[in-house]
Amino acid sequence: MKDVQTLTQEEAAAELAQLAIDLSAANRAYHQNDAPEISDADYDALKRRNAEIEAQFPELKRTDSPTDKVGAEPASGFQKITHSVPMLSLGNAFDDGDVTEFDRSIRKYLGFGDEDPLAYTAEPKIDGLSLSLRYENGQLIHAATRGDGTTGENVTSNARTIADIPAHIPNAPDLLEIRGEVYMSHADFEALNTRQSETGDKTFANPRNAAAGSLRQLDARITESRPLCFFAYAWGSLSAPLGETQSGAIQQLKNFGFQINELTKTCNGPVEMIEHYRDIETKRATLGYDIDGVVYKVDDLALQARLGFRSTTPRWAIAHKFPAELAWTRLETIDIQVGRTGALSPVARLQPVTVGGVIVSNATLHNEDYIAGLGGDGSKIRGGKDIREGDWVQVYRAGDVIPKVADVDLTKRPKTAMPYVFPTVCHECGSDAIRDDGDAIRRCTGGLICPAQAIEKLKHFVSRAAFDIEGLGAKQVEQFLEDGWIKEPADIFELRARFGAGLQQLKNREGWGEKSAENLFDAIDERRTIEFHRFLFGLGIRHLGEAAAKDLARNFADWETLADTADRAALEPATTDASKDAAAQSPAWATFLEIDGIGRALTQSLVAALAQDHERAVIDRLVAHLTILPPEDQASDSPVAGKTVVFTGTLEKMTRAEAKARAEALGAKVSGSVSAKTDLLVAGPGAGSKAKKATDLGIETIDEDGWIALIDGL
DNA sequence: GTGCCTCGAGTTCA
DNA sequence: CTCGAGGCAC
């Protein structure tokens, strides 16, 4: 390493840039993954080097300088904890048919016949909030809420006050992460509310809210005074397996000293599962705590591992929900909201009504057809009747969350009620609102001209899966936009420069002090270094969601390469042929289409967005403020890391979905078609044109057994 | 062309 | 959470 004194300005700048990336990666590994990748001494050396260079070249000090971040605490509330294994939600079943279908689809995925035995566990789904407990050498180290599934809040001191949560576990494996549900019993809930009203404090609407409110107290003494309970039912990282089956593992949790739900039962197939569901349903009122359904899980843990996960839910589990509570109320008016992509969505403004313990005053009406009572969707409205302002409507909370209008009572329709006329002009900007052929949604054509679209796009930019800037949520964005401080993403990164010196304007605003402004600027600076996929998702391009952003990030070295490819694609004739092979005549297009999961609609949308001068300028201005981190190599030591793999023909020992998920977990790119860039073809029996093409191109081809041998033990 | 399976974009309330 | 539709396998 060169002496700082002898560095040229250019070298110093380059090294600072690299240090920013290295330190940021090390920070993330240390704080969020609890898995330091470099030693403390090395980390300190990097930091020292950074400080030395900055001292020598103060003018080069970056606004996202790692030196400034040291010891930076979150602005308020709880610290964040990144789950070592994500805490996912479950898929839902609403009737017996869905349960049978769940079993069928698992059998299909695993290649099981109808007669092969397949056991499931069935247990009540507690209506509380999930919590992850980490034990190291038997000691409780931390407790984290679910949060967004990836990152939760550190509520350790509160969790320690819960009697059902042991502070230490004798004979526990070195690492033990226990997951379960924090809840409050009916009796305790009633008593708490009585106490609350006696002392003049606010009462809680239901046990779930009471449990959530109690666990998220900043003062653990308050949590201690609240009667919280905990059922353990799952786990995260482990240094040793808990057993071979779900049911066995749960017994093990009991041995460790946790409460487990006594109504957990092992069932052979959907008939027994539904039987147990009915049994629990009849006991529901006498349980003494709230449940909202029954959870089924594949019992064999080896099969669970094979089934793996979809993007947000495990394939091996499902929640069979109890029927939702219904309520009748008056629909006062129908309003139209304009979304980020210009979608006009009708919302019912209701006379407030209690549904399942909460007061509902708005409900979604989905789209034009739903109101009109036409076709597919509309058929759900009894008799196919239209919905009108002034109607008496039935409301329920889908999945106990989203209020929906389920039915209309025509006998109570006011004589004056007129059919609702869906607008064809955006009321926000006056642009035409067009509905494409075969599309269910009418969209405003105003683009960024439309204030509603502009604001929604900015909200999307700061949202959790995108830039996730602490202290800059939807509310603040709206405020800042109104004040004219920000119009586009790049403005956010210029806030400190423009207002940092005086701070007067921000300080004068209610709720903003010098400290909170400083915290906000720090939080913004932290995001000047951003992961590639978050950046892509944040752009808010139609069809480019979280999953597609990750697919793209994995397949392009950096933003410049991607943008350049899109620019070239804009000059090529877009193929109208749906087949991917035909697209090969347009090489830049093909670069996108060859990526598994990226299709024409997304490519078209992306290329068009980047070719649009105004939109492109907005993006370029943003990029100038950022250090975009290349995608992490997930498993650089696996033999397929970084390789492009294509599967073809029939796979006999696993399904395609399984094979793809497995390959990607090992750092491979999975493509749908063979090209010169393909590194490996896995061909099962019946492989046709792809295998021939691979041979012609001289690409290594192996069979399924060869593939399994290759990834064996990884 | 058809039928899965997933994803994206919309939605509420505390 | 739900719906519609994109993407892919058959």
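Convention: sequence-line order gives letters A, B, ...; per-chain numbering from 1.
Proximity of A/Asn362 to the phosphate of B/dC13: a side-chain N or O atom is located under 4.0 Å from OP1 or OP2. Taking 4.0 angstrom as the limit, A/Ser361 places a side-chain polar atom (N or O) nearer than this to OP1 or OP2 of B/dC13. OP1 or OP2 of B/dC5 has not a single side-chain nitrogen or oxygen of A/Ser105 nearer than 4.0 Å. The phosphate of B/dG10 has neither OP1 nor OP2 within less than 4.0 Å of any side-chain N or O from A/Ser345. For the pair A/Arg397 and B/dT12, the criterion of a side-chain N or O lying under 4.0 Å from OP1 or OP2 is not met. OP1 or OP2 of B/dT11 sits under 4.0 Å from a side-chain N or O of A/Gln337.
Remark: C1' of B/dC7 and CD1 of A/Ile541 are 17 Å apart, rounded to the nearest angstrom. Across the protein-nucleic acid pair, A/Phe204 atom CZ and B/dA14 atom C1' stand 11 Å apart, rounded to whole Å. Distance CZ (A/Arg542) to P (C/dG7): 11 Å, rounded to an integer number of Å. Protein atom OH of A/Tyr370 is 19 Å distant from nucleotide atom P of B/dG10, rounded to whole Å. Rounded to an integer number of Å, the gap from A/Asp551 CG to B/dT6 C1' is 11 Å. Atoms NE2 (A/His460) and P (B/dT11) sit 14 Å apart, rounded to a whole Å. Rounded to an integer number of Å, the gap from CD1 of A/Ile598 to P of B/dT6 is 16 Å. Rounded to whole angstrom, the span from the CG atom of A/Leu544 across to the C1' atom of C/dG7 amounts to 15 Å.
Checking C/dC3, B/dT11, B/dG10 against the side-chain heavy atoms of A/Lys404 singles out C/dC3 as nearest. Residue A/Asn209 has its side chain nearest to B/dA14 when only B/dT6, C/dG4, B/dA14 are considered. The side chain of A/Arg315 lies closest to B/dT6 when the candidates are C/dC1, B/dT6, B/dG8. For A/Ala547, counting side-chain heavy atoms from C-beta on, the closest listed nucleotide (B/dG10, B/dT12, B/dC7) is B/dC7. Closest to the A/Ala440 side chain, of the nucleotides C/dG4, C/dC1, B/dG10, is C/dG4.
Classification of the A/Phe535-A/Phe532 ring pair by plane angle, with boundaries at 30° and 60°, yields parallel. Below 30°, between 30° and 60°, or above 60°: for A/His320 and A/Tyr296 the angle between ring planes is between 30° and 60°, a tilted geometry.
At a threshold of 4.0 Å, the pair A/Arg330-A/Glu389 does not count as salt-bridged, since none of the basic side-chain nitrogens sits closer than that to a carboxylate oxygen.
Ranked by how close their nearest DNA chain B nucleotide is to the 5' end, A/Glu101 and A/Val360 are led by A/Glu101. Both A/Arg340 and A/Val358 lie close to DNA chain B; mapped to their nearest nucleotides by heavy-atom distance, the more 5′-ward contact belongs to A/Arg340.
Residues A/Tyr396 and A/Pro403 have side chains not in contact (no heavy-atom distance under 4.5 Å, counting atoms from C-beta outward).
Atom CD of A/Gln453 is separated from atom OG of A/Ser431 by 8.0 Å, given to the nearest 0.5 angstrom.
Using a 4.0 Å heavy-atom distance criterion, A/Ala548 is classed as a sugar-phosphate-only contact. Across all strands, A/Leu602 comes closer than 4.0 Å only to sugar-phosphate atoms, never to a base (heavy-atom distances).
A donor-acceptor contact shorter than 3.5 Å is absent between the side chain of A/Tyr289 and the backbone of A/Gly128.
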